[in-house]
Amino acid sequence: SAFHVNASNFLGGEPVGPSPRPSRLGASEVLDLSSPKTSRRSSRGLPPAAAEAVDDGQHKWWVEVNALLEGLEPTGSTSELCRACESLWKLLRPPVAAGVSGPPDCAAPTSREVLRRRTCVEVSARRLMDRREPELLLHVCRLVLSTSEQPAEASMGSTAQTNAIRLLSKLSKVEANDSLFLSLELLPLLLQVLQPPAQGLNLSDATSNGGAPPQFEAMLHAAGALKNVSNDADNQRALAKMGAVSVLSPLLGAQVLVLGEADGAAARRATQLLVTMSVVLRNISVSSSVVKEFLSSGCLGHLCAMFEKAPQHADLCLNASRVLAKLSIDGAVVKYIEADAARVHGMIRAIGAHPHNDSLLVRVCFVLGNLAASSSRATPRLHALAPT
């Protein structure tokens with residue numbers, strides 16, 4: 001006997017209908033387990049048995065989503081594929097749906113069904129990753145990141161989402177793509193990736209080959225993409241309106257704490273992430289409207305703590321000083337820095353550790369000069385802290 005087995009029958013573990021009967025071909029019996037010709041869509045959508053078991057609204061919504069997924073052919077035109085991705089994006093995002101969990105007013109699908117749907121989207125998107133058009137690739141990346149209610153959590157365990165974030169980082173290096181990041185609403189998705197996971201971010205963990213943990217890689221690439229696109233003035237204003245400072249502050253503070261740990265690998269990764277994130281904050285800080293947010297979110301304190309925790313890291317201190325130099329023209333910021341001598345002492349230690357770094361020296365002295373000019377009490381404090 002000969003057997004032809006379709007692997008899709010073993011995906012998801014759902015029943016696929018009545019058991020097939022063998023047919024005769026000459027003197028042989030042939031048992032064909034491939035899906036019927038008319039069921040190509042259901043192999044990637046809801047199997048018939050599963051469709052009957054889920055909420056009717058969920059079923060109708062997924063049938064519409066799956067029909068669009070079927071149309072994502074690698075040979076399609078750029079405009080057609082972008083339109084299909086746009087339609088999928090609208091179906092997967094609120095208020096229509098909460099990612100692949102479906103419409104919020106319908107019964108929630110099982111976790112296995114959510115995973116199967118996400119796999120369907122990721123497989124369809126993967127088929128377009130060999131295309132070269134930036135606009136199409138940005139649409140595809142957005143589609144992959146939209147498959148979860150919480151992109152930050154999903155990116156930790158999904159290779160497809162991590163790869164999409166890595167591709168966004170690569171595409172962000174081309175200045176011509178800056179406006180697309182804004183118009184396709186990719187900025188908030190990248191910010192969500194930089195929200196610390198509920199279980200914490202363990203930078204000491206490594207992959208089996210000694211590489212960085214996937215959590216770190218996803219966040220580093222997301223921060224890198226924001227670093228590049230935040231050079232654009234429109235993106236700077238958009239990030240400020242989104243409350244990017246408040247979003248980044250918790251992760252910034254968590255990584256500053258890691259700097260004091262004994263684990264060298266974790267401290268190096270924390271420094272790498274902080275260096276990149278501080279550039280994003282520097283770009284956003286050009287807007288005077290974010291000064292209050294730097295204070296209220298605790299972000300200003302985290303920046304000052306970088307000097308205290310790691311005065312030996314020239315790049316980290318330089319980036320932090322660039323942000324403080326922009327903010328210190330505001331009286332409330334000066335008052336905050338002046339309130340704790342440790343904040344000033346950290347800056348002085350940093351320039352003492354890098355006496356030939358002119359860029360760092362100029363910016364730190366600018367901040368200290370603003371402190372001295374704002375209050376008669378600041379000058380004797382600076383004298384007392386200055387190295388003899």
Side-chain angles (χ1 to χ4, degrees), residues 11-12 41-47 50-51 54-74 76 78-129 131 135-165 167-168 171 180-195 218 222 225 242:
L11 295 176
R41 178 171 297 178
S42 66
S43 69
R44 288 172 56 185
L46 286 171
V54 300
D55 181 274
D56 185 58
Q58 285 275 3
H59 175 59
K60 290 179 179 178
W61 172 81
W62 180 248
V63 166
E64 187 177 358
V65 170
N66 193 59
L68 288 168
L69 291 175
E70 292 284 346
L72 297 182
E73 295 294 341
T78 302
S79 58
E80 290 174 349
L81 291 172
C82 285
R83 281 195 297 270
C85 288
E86 185 68 28
S87 298
L88 281 164
W89 162 250
K90 291 177 180 178
L91 284 172
L92 288 166
R93 66 178 304 195
V96 177
V100 288
S101 295
D105 56 346
C106 297
T110 64
S111 57
R112 184 168 67 173
E113 174 60 20
V114 169
L115 178 60
R116 195 182 60 79
R117 290 177 180 180
R118 181 178 295 127
T119 301
C120 288
V121 176
E122 290 176 352
V123 168
S124 297
R126 190 184 308 136
R127 297 189 304 158
L128 302 179
M129 288 297 188
R131 297 288 291 257
E135 183 178 4
L136 175 57
L137 291 175
L138 289 170
H139 271 92
V140 173
C141 290
R142 183 181 66 171
L143 183 60
V144 174
L145 293 181
S146 70
T147 58
S148 172
E149 230 175 315
Q150 297 293 332
E153 296 290 343
S155 66
M156 300 307 138
S158 168
T159 301
Q161 294 217 1
T162 301
N163 288 340
I165 297 168
L167 180 55
L168 286 175
L171 292 169
L180 290 172
F181 273 82
L182 180 59
S183 63
L184 294 179
E185 300 177 69
L186 286 162
L187 301 181
L189 289 176
L190 290 169
L191 283 175
Q192 287 186 65
V193 175
L194 290 170
Q195 293 179 2
M242 292 174 197

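Since this is a predicted model, take the numbers as computed values, not measurements.
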Rounded to the nearest 0.5 Å, how far apart are [atom1] of [X] and [atom2] of [Y]?
X      : Y      : atom1 : atom2 : value
Ser146 : Arg118 : OG    : CZ    : 10.0 Å
Cys106 : Trp62  : SG    : CH2   : 14.5 Å
Arg116 : Thr110 : CZ    : OG1   : 8.5 Å
Glu113 : Leu115 : CD    : CG    : 9.5 Å

- salt bridge (charged side-chain N to carboxylate O under 4.0 Å, His left out) with Glu64: which residues, sequence neighbours excluded?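 If we apply the salt bridge (charged side-chain N to carboxylate O under 4.0 Å, His left out) test to Glu64, skipping adjacent residues, there are no hits.
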Could you tell me whether the side chain of [Y] reaches within less than 4.5 Å of the side chain of [X], counting heavy atoms only?
X      : Y      : answer
Lys60  : Val63  : no
Thr162 : Ile165 : no
Leu72  : Leu88  : yes
Val100 : Leu92  : yes
His139 : Arg83  : no
Gln161 : Thr147 : yes
Leu167 : Met129 : yes

Kindly give the heavy-atom pair with the smallest separation between [X] and [Y], and that separation in Å.
X      : Y      : value
Ala125 : Val144 : CB-CG2, 3.6 Å
Ala164 : Cys141 : O-SG, 3.6 Å
Gly99  : Trp61  : O-CH2, 3.5 Å
Pro74  : Leu128 : CA-CD2, 3.8 Å
Val114 : Pro109 : CG2-CG, 3.6 Å
Leu91  : Val96  : O-CG1, 3.6 Å

- Query: So, the side chain of Gln58 versus the backbone of Ser101: is there a donor-acceptor pair under 3.5 Å, distance only?
  - Reply: yes
- Message: Applying side chain to side chain contact (heavy atoms under 4.5 Å, CB included), can you list everything that pairs with Thr78, at least two apart in sequence or on another chain?
- Response: Cys82, Arg131, Glu133, Leu136
Going by atom type alone, with no hydrogens or angles, which donor-acceptor pairs under 3.5 Å involve a side-chain atom of residues 181-191 and a protein atom two or more places apart or on another chain?
from, atom 1, to, atom 2, distance (Å)
Ser183, OG, Ser179, O, 3.2
Ser183, OG, Leu180, O, 3.4
Glu185, OE1, Arg93, NH2, 3.1
Glu185, OE2, Arg93, NH1, 3.2

